[in-house]
Every structure is written in C-alpha cells, then in structure tokens.
Participant: 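I have a structure I would like to understand better, so I am pasting it below and will then ask my questions one at a time.
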Amino acid sequence: MTTLTESDEHKALRAAVSDFAKNHHASTNGDLWREAAKLGYIGVNLPEEYGGGGGGVAELSLVLEELGTAGSPLLMMIVSPAICGTVIARFGTDAQKREWLPALADGSRLMAFGITEPDAGSNSHRITTTARRDEASGDWLLTGRKVFVSGVDIADATLIVGRTEDSRTGRLKPCLFIVPRDAPGFTRRAIDMELQAVEKQFELVLDDVRLPADALVGDEDAGLLQLFAGLNPERIMTAAFAIGMGRFALGKAIAYARERTVWKTPIGAHQAIAHPLAQAHIDLELARLMMQKAAHLYDAGDDVGAGEAANMAKYAAGEACVKAVDQAVHTLGGNGLTREFGLASLITASRVARIAPVSREMILNYVSHQTLGLPKSY
C-alpha cells in the first residue's frame, strides 16, 4: 500500500543522510563515496544476502536526493548500484551476483554503463555494437562504439549493451555484457566537456573484445526486459539527482533573499523575488511526488507502471531543476555568477537532467504513444 507521506524509516534515513552530507561536504568524491558506502548508503538497494541494505530504488533515490541537496551529488550512484547493481541482482547468474554485488554494495568496486552510440541516440533499435559467438571456444566477441559513458576511468568494468543474432529469426536482439576495464581491444577516449563534473565522459571502442561465455548477464532471450530493468531506475535516480540540485540552488537563494537588504528591507520580502522561489519549491515538491510513485511501482515489481511514472518523474524533475537554478542565479544577481556562491556552474549542470538519459522530447513521445494512445510520427 503506497502512501503520500514518507514512513518513519524514510524520514530517519533522509535526516541521517542529510547530516552525513553536510559534515562531509569538503570531502573529495572518492572519500565521500567510501564513507557513504561504509554507512550502507551506496548499496541500500541491493539484496541483504550480498551485503546490501535490502531496500529498493525508493531508498537509493532518497539518498542521492539528500546528497545533492547538500551540494555533494554522487553521479555514479545512478550508474553503479542503480543500473548495474539492479540488473545483476535481478538477472545475473549466481556467480555474477557473488562476484559483483558485495563489492558494488560496499563501494569497493564500480561499474559503468554503456548504451548510447554516436548514430543510435535514443533509438535503441539502431545500436550497432554486436556480439557474436566464437563457435570453437564459446567466447563472445564484441565490436562497436559507445559515447557519453560516465566514469569508465574509475570503473572496474562496464555493463555494455550489445546485440546478438537470434538464431530463430535472424534479427538482432539486445543483450548485456560485463566488460572488464583491462580487456584487450577495449579502449576509451575522454570527451572534452564544457560541463564541470568530477565524473568524466568517455567514448569507448570495442574491437573484437573477447569475453568468456559467462560475461553475458542473464538470459540471452530476455535482453529487452533486462535492459528496461536498468533504464527505469536510471530515470528515477536522474530525477533524484535533479531534485537534489534544484533544492541545493533554492536553498542558496532563500538564504540570500533573507539576508540581502535593499531599501531597508530584505529582498525576499518582495513578491517579485519571493513568488518565483515559491513556485520553484512547488515544482520540485511535485516532481518528488512522481519520483516516489515511480520508485514505489518499480520496487513493487510493476515494470510497466514504473516505466510511465519514471519517465514523467524524470521530465518533471529536469524542468523543475532548470527553473530552480535559473531563479536562484537571478535572485543573487551578479553574485549568482561568482565562484563564491557555487551557482554558476549549475546553469550548465542543470541542463543534463533535461538531456540525459533521455531527452524531454522522447519522454513526451512516450507519453503521447503509451499513455494517450496517439499514433507515432516515426
């Protein structure tokens, strides 16, 4: 039974993560990751039998939101425990679970996720990274390219979305493979980003990368189901990332509007300043409600319902984040563009939530077709 108010356990978790993030704000991302993992925050969604917290995406998104609100978001939480950890926990072999889940849960190992390609974009049916069997050895050989893959340089392996040929139909179907960072033929190139972020973006090249048969995650015939098992948490966690960033920016603006005095009155007393900040707060709260709904549906096993809600949550959070950051910068005026207040870099960063992991236009397409039943234009 879902509820519109948070449980006492969730309130306690939110308060604990908030206190932790505020006290570790000066830490490097690596230190923050290790300390958060020690407290069980990184693996809170992973099964208890493998060292995780036994929770779900609801708890993990809450953790990321509070870290972001304190100004210390950990982008790799979206990728390592949320996408890769979830896929392996749900579909991995016993050996894959034993090898990866405890290490993902305690933060000692990281996994990246590679799906986007230069010519495929949001059209996963155009993915050209292919996997073929070496009949003599049973190994897989992967060939292809990926772009905008986060954190490959600090990840121990990358979960790569490739396509294999269906022996019955001859058509290509999606499959997921665990590719170790040092696999021969697996190379990376950092993409020169204007975005300032600790986690770098990479282009990957796979040139006949040879992988053992057990590098395939789960059932070869369940590829699409497994893929969406990772993409729904990715959207929910991106919403959490965006809401946290929006709350962080809004908090800075509210503090400034209370203190900054012009004409003997704090600027926050003026409706021209106060109302847009109030609107930004409302939009973030509404986005959080949809994020919580999506997380609840996903954790309850409703992949279809979660797909719709996760897309809506990601859309709403991205829009709310961009507006909150813009209004925060505007509230501070010239100070909003100084390094001292830490808002200017968020102008670029907030756009990420509108663009990744899927554009707002593709979400509108999804809602048009899947929810409203309107015909496709493509």
Side-chain angles (χ1 to χ4, degrees), residues 4-6 10-27 32 61-75 195-197 238-292 312-355 360:
L4 295 179
T5 57
E6 284 190 333
H10 280 187
K11 288 176 183 174
L13 177 61
R14 189 179 289 281
V17 175
S18 178
D19 288 342
F20 163 79
K22 288 170 185 172
N23 292 330
H24 290 76
H25 183 62
S27 301
L32 187 66
S61 59
L62 186 158
V63 170
L64 181 58
E65 181 194 337
E66 287 304 319
L67 289 172
T69 301
S72 301
L74 291 172
L75 177 64
L195 179 69
Q196 294 178 15
T238 301
F241 188 82
I243 292 165
M245 188 187 304
R247 285 179 58 200
F248 172 76
L250 195 59
K252 293 260 189 182
I254 292 167
Y256 189 87
R258 285 181 181 143
E259 298 297 326
R260 171 72 168 153
T261 300
V262 180
W263 313 120
K264 300 179 181 179
T265 307
I267 62 172
H270 300 300
Q271 291 179 353
I273 299 293
H275 284 186
L277 295 178
Q279 288 176 320
H281 173 73
I282 290 169
D283 289 342
L284 288 167
E285 286 292 307
L286 291 172
R288 184 204 274 165
L289 270 177
M290 184 54 78
M291 178 187 77
Q292 290 171 327
M312 289 181 175
K314 187 268 174 189
Y315 179 96
E319 296 303 299
C321 176
V322 168
K323 291 175 184 174
V325 168
D326 182 71
Q327 193 58 45
V329 171
H330 198 66
T331 300
L332 271 68
N335 282 327
L337 300 177
T338 64
R339 199 177 298 276
E340 176 188 353
F341 286 91
L343 288 176
S345 62
L346 300 187
I347 297 171
T348 307
S350 63
R351 301 292 306 188
V352 174
R354 273 183 169 172
I355 297 166
R360 56 182 178 173

Participant: Quick check for you: to the nearest 0.5 Å, what is the distance between Leu277 atom CG and Gln279 atom CD?
Facilitator: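 Output value for this atom pair is 9.5 Å.
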Participant: How close do Ala274 and Gly268 get, heavy atom to heavy atom, and via which atoms?
Facilitator: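 Residues Ala274 and Gly268, closest heavy atoms: CB-O, 3.4 Å.
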Participant: Check Ala70 against Phe248 and note the closest heavy-atom contact, atom names and distance.
Facilitator: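 Residues Ala70 and Phe248, closest heavy atoms: C-CD1, 4.0 Å.
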Participant: Return all side-chain donor-acceptor pairs below 3.5 angstrom for residues 339-350, not counting sequence neighbours, or 'none' if the list is empty.
Facilitator:
from: Ser350; atom 1: OG; to: Leu346; atom 2: O; distance (Å): 2.9
from: Ser350; atom 1: OG; to: Ile347; atom 2: O; distance (Å): 3.2

Participant: Nearest 0.5 Å, what's the CG-CG distance between Leu75 and Leu64?
Facilitator: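 Taking CG in Leu75 and CG in Leu64, the distance rounds to 8.5 Å.
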Participant: Sequence neighbours left out, cut at 3.5 Å: what donor-acceptor pairs do the side chains of residues 280-291 make with other protein atoms?
Facilitator:
from: Arg288; atom 1: NE; to: Glu65; atom 2: OE2; distance (Å): 3.0
from: Arg288; atom 1: NH2; to: Glu65; atom 2: OE2; distance (Å): 2.8

Participant: If every non-hydrogen atom of Ala324 is compared with every non-hydrogen atom of Ala249, which pair is closest and at what distance?
Facilitator: O-CB, 4.3 Å
Participant: Applying side-chain hydrogen bond (donor to acceptor under 3.5 Å, both in side chains), name anything that partners Thr69, two or more places apart in sequence or on another chain.
Facilitator: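 With sequence neighbours excluded, Thr69 shows a side-chain hydrogen bond (donor to acceptor under 3.5 Å, both in side chains) to Arg247, given in chain and number order.
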Participant: Output all residues satisfying side chain to side chain contact (heavy atoms under 4.5 Å, CB included) with Arg260, sequence neighbours left out; order by chain, then residue number.
Facilitator: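 Residues passing side chain to side chain contact (heavy atoms under 4.5 Å, CB included) with Arg260: Tyr256, Val262, Ile267.
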Participant: Would you mind listing every salt bridge (Lys or Arg N to Asp or Glu O under 4.0 Å) that reaches into residues 316-326, with sequence neighbours excluded?
Facilitator: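 Counting only pairs at least two positions apart or across chains, the salt bridge (Lys or Arg N to Asp or Glu O under 4.0 Å) contacts touching residues 316-326 are Glu319-Arg354, Glu319-Arg360.
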Participant: Test salt bridge (Lys or Arg N to Asp or Glu O under 4.0 Å) on Arg14 and Glu66; report intermediate values, then the result.
Facilitator: CA-CA 7 Å; Arg14 189 179 289 281; Glu66 287 304 319; 2.6 Å; yes
Participant: With sequence neighbours excluded, tell me which residues meet side chain to side chain contact (heavy atoms under 4.5 Å, CB included) with His330.
Facilitator: Gln327
Participant: Which atoms form the tightest heavy-atom contact between Ser61 and Ala240, and what is the distance?
Facilitator: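 Residues Ser61 and Ala240, closest heavy atoms: O-CB, 3.3 Å.
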Participant: Minimum heavy-atom separation for Thr238 and Ala353, please, with both atom names.
Facilitator: CG2-CA, 4.5 Å
Participant: Indicate the atoms forming the closest heavy-atom contact of Gly246 with Cys321, along with that distance.
Facilitator: N-SG, 4.1 Å
